[in-house]
Structure formats: C-alpha cells, structure tokens
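Quick caveat: nothing in here was measured; it's all calculated off a predicted structure.
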Amino acid sequence: MSTESKPEIGCLKVSSKSSPASVAGAIAGMVKDGVVVEIQAVGAGAVNQAVKAIAISRGFLSPIGIEIVCVPSFADIVIDGEYRTAIRFSVEPRYLRAASPNFGSAAASGQ
C-alpha cells in the first residue's frame with residue numbers, strides 16, 4: 001500500500017450544544033496538519049453550530065495564509081437503531097492556481 005494515497009480524514013460530530021469556538025479550533029488544527037476534516041451534524045441546531053464553527057475557523061486560518069472551502073452533502077446514518085439524515089461538511093484547504101501569463105485573458109477581453 002502506498003504511503004501517499006489519500007489524505008487522512010478526521011470526522012468531528014457536532015451537536016446543538018457544541019461550542020463553535022472549540023470546534024473551530026479543532027478544525028483549524030486539523031487543517032494545519034493537512035487533515036481533511038469531515039463535520040457531521042444531525043438537526044437544525046447542530047448544523048447551525050457547525051456552520052458557525054466553519055466560519056470561525058476561517059478567521060483563524062486566513063491570517064496565516066490558509067483559505068478553506070466547505071462542501072456540504074447528505075449522509076444516511078443510524079442512531080439508536082433509527083435511520084437519520086445527517087449533513088456532512090467536508091472542509092479542505094483551497095489551493096489557488098499559480099497565475100499564468102494568459103490566465104483570465106479571455107475573460108478580461110470579453111471572449
């Protein structure tokens with residue numbers, strides 16, 4: 001098995017009682033370590049706390065030059081034998097393409 005296959009994935013489960021600042025610190029630390037962060041939330045309150053945590057973590061990472069993107073998806077999970085739908089947020093660093101001499105020239109010229 002190759003050592004450079006997929007990046008490590010860390011899953012954080014967020015509830016409506018989770019502290020957004022604490023979750024944000026965990027997200028920021030994991031992103032700095034190169035870990036793709038999956039955040040799982042069930043229910044409106046939990047999703048609210050997760051989104052606040054992602055916004056706060058962006059504030060932690062942006063000043064040190066790390067921008068993040070968040071991709072939401074649905075996940076079917078089982079809690080206490082009952083099927084529930086969770087919202088999953090995949091949080092990853094955003095890598096910007098290096099500017100090339102022709103980058104954006106078509107858009108700038110209206111073509």
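- The local environment of NZ in Lys13 is sparse, with at most 12 non-hydrogen atoms from other residues, nucleotides or ligands closer than 6.0 Å.
- You'll find the side chain of Lys52 stays beyond 4.5 Å of the side chain of Val23, heavy atoms only.
- The hydrophobic cluster containing Val91 also contains Ile64, counting ILVMFWY residues as joined when their side-chain heavy atoms lie under 4.5 angstrom apart, directly or transitively.
- Phe89 is connected to Leu12 through a chain of hydrophobic side-chain contacts under 4.5 Å among Ile, Leu, Val, Met, Phe, Trp and Tyr, so both are in one cluster.
- The side chain to side chain contact (heavy atoms under 4.5 Å, CB included) check on Phe74 picks up Thr85, Ile87, with sequence neighbours excluded.
- Annotation: side chain of Glu67 is in contact with side chain of Arg58 (closest heavy-atom distance under 4.5 Å).
- Every side chain to side chain contact (heavy atoms under 4.5 Å, CB included) that Ala28 has, sequence neighbours left out, goes to Phe60, Leu61.
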For residues 32-47, dump all side-chain donor-acceptor pairs below 3.5 Å to protein atoms at least two apart in sequence or in another chain.
residue: Glu38; atom: OE2; partner: Ser90; partner atom: OG; Å: 3.4
residue: Gln40; atom: OE1; partner: Arg88; partner atom: NE; Å: 3.2
residue: Gln40; atom: OE1; partner: Arg88; partner atom: NH2; Å: 2.7

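- For the pair Ile68/Ser57, a side-chain contact is recorded, criterion being any heavy-atom separation below 4.5 Å from C-beta on.
- A donor-acceptor distance shorter than 3.5 angstrom exists from the side chain of Ser18 to the backbone of Ser15, with no hydrogens or angles considered.
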